[in-house]
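Here the structure comes first, spelled out in structure tokens, and everything after it is commentary.
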Amino acid sequence: MKATKAAKGLLAFSQQEDLVDLPDNFPLSGSEDEGDGDGERKHQKLLEAISSLNGKNRWKIPERSEASLKLSEFNVSSEGSGEKVVLADLLGPVKTSTSLAVVKKQLNRVKSKKTVELPLNKKEVEQINREVAFSKTTQTLSKWDPIVLKNRQAKQLVFPIEKEPSTIAPIEHMFSNWKARTPLEQEVFNLLHKNKQPVTDPLLTPMEKASLKAMSLEEAKLRRAELQRARALQSYYEARARREKKIKSKKYHKIVKKGKSKKALKDFELLRKVDPNAALEELEKIEKARMMERMSLKHQNSGKWAKSKAIMAKYDLEARQAMQEQLAKNKELTQKLQVVQESEEEEVGAEEEEPLVPDVVNEVQMSVDGPNPWMRRSCNSNAKEDEIQADPDPGQPLELVTNELSESEEDAKPMAEEEILLKEFEERRTLRKRSEHNHSAKPVGSQEETDSNSQEVLSELKVLSQKLNKENHQTKKQKKHSTETVCGVQRGEPIPEEEEPLLLQRPKRAQTLEELEELGREECSEHTEFPRPALEDQMERNPQNQPKGKKKKEEQMINLQNLLTTKSPSVRSLAVPTTIEELEDEVERDQRQMIKEAFAGDDVIKEFLKEKRAAVEANKPKDVDLTLPGWGEWGGMGLKPSAKKRRRFLIKAPEGPPRKDKNLPNVIINEKRNIHAAAHQVRVLPYPFTHHQQFERTIQNPIGSTWNTQRAFQKLTTPKVVTKPGHIIKPIRAENVGYRSSSRSDLSVMQSGQKGLSKHHQKKLKKTSVD
Amino acid sequence: MKVKMLSRNPDDYVRETKLDLQRVPRNYDPALHPFEVPREYVRALNATKLERVFAKPFLASLDGHRDGVNCLAKHPKSLSTVLSGACDGEVKIWNLTTRKCTRTIQAHEGFVRGICTRFCGTSFFTVGDDKTVKQWKMDGPGYGEEEEPLHTILGKTVYTGIDHHWKDAAFATCGQQVDIWDEQRTSPVCSMTWGFDSISSVKFNPIETFLLGSCASDRNIVLYDMRQATPLKKVILDMRTNTICWNPMEAFIFTAANEDYNLYTFDMRALDTPVMVHLDHVSAVLDVDYSPTGKEFVSASFDKSVRIFPVDKSQSREVYHTKRMQHVICVKWTSDSKYIMCGSDEMNIRLWKANASEKLVAEPSPGPYREHLHHKTLERV
């Protein structure tokens, strides 16, 4: 309060420039002789009055009696003040003389010219200058506004703002005035000098200097880069080897081994062409290796592993395969080399081809068991046929498979066979995973379509189905397992090749459909909430799959039911004719309700009364109920303390003083406001807050470490200004906050400005003097 | 068989070093702390009380002057050096760490009216009642040398105040008019007047260094622009302003110490109304100086007290006074913003803490004081 009053007072008293300049306006000069003049005038008047008493009214003309330096302004006569001196009048006497013609002309010329305006007086000029300078300064100062605002709002300011440059003098400076005095120092220096250790900067020994000179920087860099590269490559290689070593899959290793041997052969081939002698040596080596292999009895099926496998082979397909493989190998090894000298090429070819055949056979089997397990089961179920056809079969599927393979191989011939194998291996693995994943869900057809593997399966299937068609051999078992073939058969249509993938996609779904239909037929009539839409969709999508006739009927039935369930609400309301009238009533009521709602706010009086009642209720002193349930009697859920007890322990609150607005029906007087507390409350919202709720929330939050985490506590109690003891805080500078400060010093600016000004003045002066 | 066991990570409860705080597992759920408001209130109250209990601001008194101390100056580069001029024309240089006078100069006849240091800290200027401006070396004379000023400028009128430019070799004096001097010359580079009354003090703006503020005995404060060599604006208060001080962090803010017991903080771009009026003194305010952080300032008053005001508050945060301190004539806030010095009529310079309860020396042991520090931080409530 006091402050504002003071400010007001200040405002009233602060009169700016206008008032300041006042003293100059006072006519100070006249004030002194005024007293004397006044006396004289009075005297004169008196004399006049006396003379006028004579009756003779004389008009006395004031005359200047003597010449004086000081002229009183009151003595200047005002005679003829109305007239103006005209130039023509002055020229009058000149007319006669002809010698002054030139002057006359000049004067005439002057007459035609306009007069120059009076310059502003000094005071005004200064004022203007000041105003201009002030506006300029204000502008330059306003660049600080954002920084000042930022600093004011900053949560924490850390001083000193700029980092002090570390003022460490270079070592030479320190050494220049320093001498070793104590014996220890001298000893140390002696040692240093002896070893040619540098004492001053740069701190390098001659050795180091020489080594620095020995190799240029670029060279060193190049060499370093090379070394780095080599090290990196080595590490990559090592990592790869480690990774490959860790792979546990036997198949993978087998394939790798095969690949290696093949590669060795290829190399050998190359070598033979290039260097026959070396090739011969190599051949000998290979031969020796083969001999060793033969000698080792490794593939005799007599090892521990082979025995265990033999036991397992009955049940495990893989074991059987492994056994077969080993046998094949054994056979190969024990085969007599009939024509060793015939041609190496042939042998090589044989060696190359031999492993291929069993591989492919294996592959077919694998592909059978690989992607979809039910196929395998179907194979098993058709075991008879399989076994029957086993002998002729390998040929046919082999061809097919090779056909299938050739398609891909033609595209990429350079792709080595083992690579393909590797890839297949990978694919199979992913497929297996997928199939596991999709076992319960729908099989993803689109992905499988692209797989060559699935195509293989497909082709095989085709063959199978064709055979089946021929034989016309149907059983219910088959129907369950390979529905698509069954479907095709049922329809009696030739199976189009394009459709097959589609069919393949959902053998399972079809199965479930059938089952569902069979199961749900009885329930359909009762359960209207059956998930029909999805089913229907499925049916619509593959109507070809569905056997016609009876199944179609079912479809229709389902559709009907579906309709009923989906449109049930509207149908129900329309279905009952008696409810229509009620509905109309409802509409009317709704409208009324709407109108009521729209004008609900109009009932202000009622609302006010309600509010007042609530306020009165809220302010009434409350009774205190001290009953303890279960004390002295049974307590628990649903049991209330007895009325007697309640009466006994209920402390009735005393009637409070009458409300101030008791007799004022239209007023609510809030008696809650505490004047004593108000003295401690904040009257004005503190600075950074914009809403009282923000402020309240921050005030309500505890800041002690008991209620806050350590971090939060530290954050809440950070000091606003942090200063370092012993560090000088300099005034903020334009360079520190990213502004450009003028490079010229203020003094030079001022002096140059003054020079300019003075020159300007001089020019002006000259001009005026010339004129 | 799997046996379930309670296991804890030692990182959750073991300290890394002995100096770390003990980790206390806590549940900060506000529902579990129903009494947090009353407890915090008590703590806050205790904190404020303790702050008062621990408030021991007075550090030292430097005595040695034989007359009232009329002016003080800080050294721009050394925190421990302070210069003071007395009413008998004596100038003393003090070392604050030893609290001893290192040098005494009989600089003027009559009052030393003003004293200021050069921005580099190698020399200082004094003006006195003997109409002279003298420049002195900061280091004392060598052995056998006379104590003599580097330069002496004889003026026509009495100079009542002096201030040095913050970057250039220029200084400003005031008396009948404001004069800007080049250090190399014996006559002012320019002199600026506006009105006729004597000017009591002049101050350079530390940020926009070409700006000057002065206050004259005809109740006005006049701002000048040194580059354009013109006065800029004038504001007339209802009583005389004794001195002004610019905010070292906000270029356009300055505070005026007025005879009407108040201090007025102005934005120099809008002089019509002060930004803030600082009350609380009960007699004329004689001097004012800003903290180098620009967040607070200290004022010295004829009422024998020194007060510290936050810039944005109209009430003072602290008042320093002792039984023996008489009218305080001059006051300075040290450059590290930790101390306050005041020179008073009874010939003493006093050294105070800027923050009365702050511990300025390293704490010997964290034991009993930690609680106190904790309370201090809590005081914000």
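Excluded from the calculations below are hydrogen atoms, water molecules and symmetry mates; all remaining heavy atoms, backbone and side chain alike, are included.
Counted by atom type alone, A/Asn129 and B/Thr230 present zero donor-acceptor pairs between their side chains at under 3.5 Å. Side-chain contact check for B/Lys167 and A/Ser745: no donor-acceptor pair (N or O, by modelled atom type) lies under 3.5 Å. Between the side chains of B/Arg43 and A/Thr706, at least one donor-acceptor pair of N or O atoms lies under 3.5 Å. Using a 3.5 Å distance cut-off with no hydrogens or angles, the side chains of B/Glu208 and A/Trp144 do pair a donor with an acceptor.
For B/Leu223, no part lies under 4.5 angstrom from a heavy atom of chain A. Only the side chain of A/Leu157 comes within less than 4.5 Å of a heavy atom of chain B; its backbone N, CA, C and O stay farther away. Of the atoms belonging to A/Asp145, heavy atoms from both backbone and side chain fall under 4.5 Å from chain B. Contacts of B/Pro30 with chain A are absent, with no heavy-atom separation under 4.5 Å from either backbone or side chain. Heavy atoms of B/Ala270 lying under 4.5 Å from chain A are absent altogether. Proximity to chain B (any heavy atom under 4.5 Å) is shown, for A/Ser142, by both the backbone and the side chain. Using a 4.5 Å cut-off between heavy atoms, B/Arg26 touches chain A through its side chain atoms alone. Looking at B/Met239, neither its backbone nor its side chain comes within 4.5 Å of chain A, counting heavy atoms on both sides. Only the backbone of A/Asn701 has a heavy atom closer than 4.5 Å to any heavy atom of chain B. Neither the backbone nor the side chain of A/Ile147 comes within less than 4.5 Å of any heavy atom of chain B. If you measure heavy-atom distances from B/Ile253 to chain A, the contacts under 4.5 Å come from the side chain alone. Heavy atoms closer than 4.5 Å to chain A are found nowhere in B/His278, neither backbone nor side chain. Neither the backbone nor the side chain of B/Trp246 comes within contact range of chain A, judged by heavy atoms closer than 4.5 Å. Residue contact with chain B, scored on non-hydrogen atoms closer than 4.5 Å, is absent for A/Thr698.
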I would like to know whether A/Arg733 and B/Ile207 meet side chain to side chain contact (heavy atoms under 4.5 Å, CB included); could you show each step before the answer?
-> CA-CA 6 Å; A/Arg733 282 164 66 190; B/Ile207 305 166; over 6 Å; no

Derivation of the side chain to side chain contact (heavy atoms under 4.5 Å, CB included) call for A/Phe134 and B/Asp225 = CA-CA 8 Å; A/Phe134 181 73; B/Asp225 188 338; over 6 Å; no

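Per-residue heavy-atom pair counts under 4.5 Å with chain A were compared for B/Ser291, B/Ser80, B/Ser78, B/Pro231, and the maximum is reached by B/Pro231. The candidate from A/Val132, A/Thr140, A/Thr138, A/Val148 with the greatest count of non-hydrogen atom pairs under 4.5 Å with chain B is A/Val148. Residue with the most contacts toward chain A among B/Leu211, B/Val311, B/Leu32, B/Asn205: B/Leu211 (heavy-atom pairs, distance under 4.5 Å).
Counting non-hydrogen atoms of other residues, nucleotides and ligands closer than 6.0 Å to CZ of A/Arg711 gives a total of 12 or fewer. Other residues, nucleotides and ligands place more than 12 heavy atoms under 6.0 Å from the CD atom of A/Gln156. For A/Lys622, the NZ atom counts as densely surrounded, since its 6.0 Å shell holds more than 12 non-hydrogen atoms of other residues, nucleotides or ligands.
Of all heavy-atom pairs spanning A/Ser705 and B/Tyr28, the tightest one is O-CE2, 4.0 Å. Counting all heavy atoms, side chain and backbone alike, A/Met750 lies closest to B/Cys190 at SD-SG, 3.9 Å. Residues A/Pro702 and B/Glu36 share a closest heavy-atom pair of CG-OE1, 3.4 Å. Between B/Pro76 and A/Ile728, the shortest heavy-atom distance links the atoms O-CD1, 3.6 Å.
Put simply, CG on B/Asp168 and CG on A/Asp746 are 5.0 Å apart, with the number rounded to the nearest 0.5 Å. From A/Lys136, atom NZ reaches atom CG of B/Leu232 across 11.0 Å, with rounding to the nearest 0.5 Å. The structure places CG of A/Leu141 at 12.0 Å from CD of B/Glu250, a figure rounded to the nearest 0.5 Å.
Two residues are said to be in side-chain contact when any heavy atoms from C-beta on lie closer than 4.5 Å; B/Glu40 and A/Trp707 meet this criterion. B/Gln228 has its side chain out of reach of A/Val749: every pair of non-hydrogen atoms, C-beta onward, lies at least 4.5 Å apart. Counting heavy atoms from C-beta on, the side chains of A/Val721 and B/Glu296 never come closer than 4.5 Å. For the pair A/Lys724 and B/Asp336, the minimum side-chain heavy-atom distance is 4.5 Å or more. Taking the side chain as every heavy atom from C-beta outward, B/Pro292 and A/Lys730 never approach each other to under 4.5 Å. For the pair B/Met226 and A/Leu747, the minimum side-chain heavy-atom distance is below 4.5 Å. In this structure, the side chains of A/Ile729 and B/Met249 come closer than 4.5 Å at one or more pairs of heavy atoms. The shortest side-chain heavy-atom distance between A/Thr723 and B/Ser337 falls under the 4.5 Å cut-off.
Geometrically, A/Arg130 engages B/Trp194 in a cation-pi contact defined by less than 6.0 Å to the ring centre and at most 45° from the axis.
Under the 4.0 Å criterion applied to side-chain N and carboxylate O atoms, A/Glu131 and B/Lys233 are not assigned as salt-bridge partners.
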